[in-house]
Amino acid sequence: MGNELGITPRGENYSQWYTDLVHKAELADHSVVRGCMVIRPHGYAIWELMQGALDNMFKETGHVNAYFPMFIPKSFLSKEAEHVDGFAKECAVVTHHRLKNAEDGSGVIVDPEAKLEEELVIRPTSETIIWNSYKGWIQSWRDLPVMINQWANVCRWEMRPRLFLRTAEFLWQEGHTAHATYDEAEEEALTILGVYKRFAEEWMCVPVIDGIKSENEKFAGADHTYTIEALTQDFKAIQAGTSHHLGQNFAKAFDVTFQSKEGKLEHVYATSWGVSTRLVGTLIMVHSDDNGLVAPPKLAPVQAVIIPIGRGEKLEAVLDAAAGMEKEIRAQGWDGGIIRTKIDKRDKSPGFKFNDWEMKGACIRIEIGPRDLENGKCVLASRLGGEKIECDIKDVAAKTAEMLSELQTGLYNQALAHREANTSRVDTWDEFKAAFEGEKAGGFIVAHWDGTSETEEQIANETKATIRCIPREPLDPADAEPGKCILTGKPSTQRVVFAKAY
RNA sequence: CGAGGAGUGGCGCAGCUUGGCAGCGCGUCUGCUUUGGGAGCAGAAGGCCGCGGGUUCGAAUCCCGCCUCCUCGACCA
């Protein structure tokens with residue numbers, strides 16, 4: 001830890017800052033199980049808000065929720081060759097179904113007689129088990145499209161976990177759709193990409209580049225993969241969401257066919273798409289500061305915190321006023337809901353509470369004490385900027401709502417400015433290498449590439465930078481002009497986005 | 001899997017070199033005073049020093065074996 005009270009500053013050790021913040025803001029703990037985390041109520045509240053917003057968007061675009069088992073027969077994984085290659089190395093496997101007491105009294109052991117006939121893989125993703133079901137549900141063009149989402153946990157046995165960003169078990173949503181035509185599946189993949197981009201930018205205040213993954217980086221088993229990519233404060237890219245067009249790969253692997261209007265038997269076209277609790281990590285990485293969590297108002301568990309100041313008889317009057325304010329602020333509403341408001345009545349000093357709520361990312365802090373009460377005033381401070389402003393008590397609800405709106409746009413603008421300041425174009429290999437060397441190096445580097453996997457691999461080997469995506473819309477019109485590959489000098493049709501990634 | 005580091009009250013750590021009453025800070029509990037940027041004083045509770053073995057009159061400390069975690073690599077839909 002940086003010191004007893006605060007957290008390690010970002011400039012001193014960014015990784016440590018992130019870990020300190022997650023702990024001190026009470027978002028999550030490391031579990032006793034390696035690679036797994038305990039998501040604490042304050043962190044889970046952010047995830048619930050994300051779920052709520054995304055779930056609405058999925059339903060508005062025609063999807064329904066369902067739930068499939070977490071255990072997948074091992075044989076299912078081998079049905080799609082690329083898919084198993086992509087996940088085999090990180091699967092947890094269930095081999096037995098019973099424990100028993102050891103005969104020597106040393107404790108509990110796995111009962112060797114309870115071995116499963118077919119081992120079960122704990123889902124790293126659910127394509128295989130879901131497509132097994134779809135086979136039974138889809139016979140005719142009338143059964144299509146199938147547009148199902150599930151909220152679930154998945155397990156990927158990662159070698160190097162990091163709270164929220166990469167854990168062995170994580171929470172996510174995964175959408176799995178089936179369509180009659182390639183074009184329809186393509187439209188679906190892009191619709192979801194749009195949902196993800198809108199969620200990142202409008203809810204999380206995180207500007208993202210949306211684009212298509214290179215062959216090296218695409219999902220195992222996909223025809224092609226779309227992604228949204230964000231930039232952190234330490235100049236690395238975070239893949240924040242992906243939407244895959246699976247073509248007919250899984251339909252062929254699981255033999256899912258339908259009779260078309262013309263009476264022909266055809267394999268269906270598929271998509272899958274997901275975002276995970278990694279979004280919580282992304283949120284932290286993009287916005288938070290040396291005083292703790294900075295949460296965008298739409299996703300902040302506490303949008304306004306009222307801190308009553310005073311003691312004895314005077315405190316009673318202050319608490320009365322605070323209760324009245326809380327009621328008005330909630331009723332005021334913002335963004336189509338109540339303003340999530342809390343009065344901090346803990347027996348702690350005001351200074352402690354100020355710091356504590358900054359750590360936990362409360363958007364607006366409202367101070368009220370005897371001094372204010374006499375004048376009919378209170379003091380407001382936004383989590384961004386933080387300067388105190390005086391406000392009439394009668395106006396506090398309206399002012400709070402106004403400040404939430406300012407914070408929501410302010411955070412987005414700040415993150416966008418950071419991304420723009422750290423997005424650059426280079427045209428020579430020396431410049432390119434230099435861009436990724438040293439402590440503060442990185443950011444998005446927009447450069448020409450000859451389109452081959454070999455070149456991408458060589459670039460990654462020498463610089464650790466990978467192609468984050470080929471943007472759907474050029475970030476700058478000139479990016480769409482042809483040029484020469486940064487490494488090989490061969491012809492390139494357009495610039496692509498490179499970065500070191502989390 | 002490779003290289004480093006660390007396991008000692010709830011949390012963070014010192015003590016180990018040179019064996020001799022298990023300590024400190026934070027937190028917790030009690031009381032009094034305090035309250036506009038992490039309050040003060042007084043008192044209290046709380047530990048099988050990661051596990052197993054060895055050396056010794058005596059081991060947190062020395063020796064051997066094992067386990068776990070962290071950091072940095074490698075790996076990574």
Is there a donor-acceptor contact under 3.5 Å from the side chain of A/Arg419 to the main chain of A/Gly443? no
Same-atom distance (P) from B/rA14 to B/rG25, integer angstrom: 15 Å
A/Lys213 side-chain N/O to A/Arg468 backbone N/O, donor-acceptor pair under 3.5 Å: yes
Please state how far atom CG in A/Asn13 lies from atom P in B/rC72, giving the value in whole angstrom units. 8 Å
Record whether the side chain of A/Glu367 comes under 3.5 Å of the base of B/rG37 through a donor-acceptor pair of N or O atoms. no
Scan A/Gly86 against the nucleic acid and name what it touches under 4.0 Å (heavy atoms): base, sugar-phosphate only, or nothing. sugar-phosphate
Evaluate the ring pair (Phe, Tyr, Trp, His ring centres under 6.0 Å) criterion for residues A/His63 and A/Trp273: first the C-alpha distance (whole Å), next the side-chain angles of each, then the deciding distance (0.1 Å), finally the verdict. CA-CA 12 Å; A/His63 303 88; A/Trp273 28 273; 4.9 Å; yes
Distance test, side-chain N/O of A/Lys89 to OP1/OP2 of B/rC76, below 4.0 Å: yes
Check ion pair A/Arg198-A/Glu201 (N to O, under 4.0 angstrom): no
Which part of the nucleic acid, if any, lies within contact of A/Pro370, taking any heavy atom under 4.0 Å across all strands shown: a base, the sugar-phosphate backbone alone, or nothing? base
Distance check, P atoms only: B/rG47 and B/rG23, in whole angstrom units. 13 Å
Please tell me which of A/Gly35 and A/Thr125 maps to the more 5' nucleotide of RNA chain B, matching each residue to the nucleotide holding its nearest heavy atom. A/Gly35
Closer than 3.5 angstrom, by distance alone: can the side chain of A/Ser382 be matched with the main-chain N or O of A/Leu384 as a donor-acceptor pair? yes
Just checking A/Lys377: does its NZ atom have more than 12 heavy atoms from other residues, nucleotides or ligands closer to it than 6.0 angstrom? yes
In this structure, how many angstroms lie between the C1' atom of B/rG37 and the CH2 atom of A/Trp357, rounded? 17 Å
Can you tell which of B/rU34, B/rG37, B/rG38 lies closest to the side chain of A/Asp356? B/rG38
Within this structure, what is the CD-to-C1' distance between A/Glu358 and B/rG36, rounded to whole angstrom? 14 Å
Using Watson-Crick and G-U wobble pairs with both distances under 3.5 Å, what is the 5'-to-3' dot-bracket string of RNA chain B, with [ ] for crossing pairs and | for pairs outside the strand? (((((((..((((......[..)))).((((((.....)))))).....(((((..]....))))))))))))....
Scan A/Ser15 against the nucleic acid and name what it touches under 4.0 Å (heavy atoms): base, sugar-phosphate only, or nothing. sugar-phosphate
Can you check the distance between B/rC13 and B/rA6, where both ends of the measurement are the C1' atom (answer in whole Å)? 12 Å
Can you tell me which nucleotide in B/rU34, B/rG37, B/rG38 comes closest to the side chain of A/Arg311? B/rU34
Is the shortest distance from a Lys or Arg side-chain nitrogen in A/Lys252 or A/Glu80 to a carboxylate oxygen in the other one below 4.0 Å? no
Measuring only the P atom in each nucleotide, how far is B/rA39 from B/rG27? A whole number of Å is fine. 9 Å
If you only use heavy atoms from C-beta on, which nucleotide in B/rU35, B/rG38, B/rU28 is closest to the side chain of A/Asn355? B/rG38
Nearest 0.5 angstrom please: A/His245 NE2 to A/Ile212 CD1, how far? 10.5 Å
I'd like to know if A/Arg383 pairs up with A/Asp289 as an ion pair, taking the criterion as any Lys NZ or Arg NE/NH1/NH2 lying under 4.0 Å from an Asp or Glu carboxylate oxygen. yes
Roughly how many Å is it from NZ in A/Lys464 to C1' in B/rC75, rounded to a whole number? 11 Å
Counting N and O atoms only, with roles assigned by atom type, does the side chain of A/His83 sit under 3.5 Å from a partner on the main chain of A/Lys79, one being a donor and the other an acceptor? no
Without decimals, in angstroms, what is the distance between A/Glu313 CD and B/rU34 P? 14 Å
Under 4.0 Å, heavy atoms only, any strand: does A/Arg278 hit a base, just the sugar-phosphate, or nothing? nothing
Here the distance between atom P of B/rU28 and atom CG of A/Asp347, to the nearest Å, is 10 Å
Can you pull every protein N or O that's under 3.5 Å from an N or O on nucleotides 39-44 of chain B?
from, atom 1, to, atom 2, distance (Å)
B/rA39, OP1, A/Ser349, OG, 3.1
B/rA39, OP2, A/Ser349, OG, 2.5

Counting distance alone, no hydrogens or angles: does the base of B/rG36 have a donor or acceptor under 3.5 Å from a partner atom on the side chain of A/Lys353? no
P-based separation of B/rC63 from B/rG73 [nearest Å]: 32 Å
Write down the distance separating the C1' atoms in B/rG7 and B/rA60, rounded off to the nearest Å. 12 Å
Atom CG of A/Leu319 to atom C1' of B/rU35: distance rounded to whole Å? 13 Å
Return yes when atom CH2 of A/Trp157 has more than 12 non-hydrogen atoms of other residues, nucleotides or ligands closer than 6.0 Å, and no otherwise. no
For B/rA22 and B/rU8, measure between their C1' atoms and round to the nearest Å. 8 Å
Give the rounded distance in Å between these two atoms: CH2 of A/Trp157 and P of B/rC1. 14 Å
Taking B/rG5 as the reference, what is the distance to B/rG9 when you measure between their P atoms (whole Å, please)? 22 Å
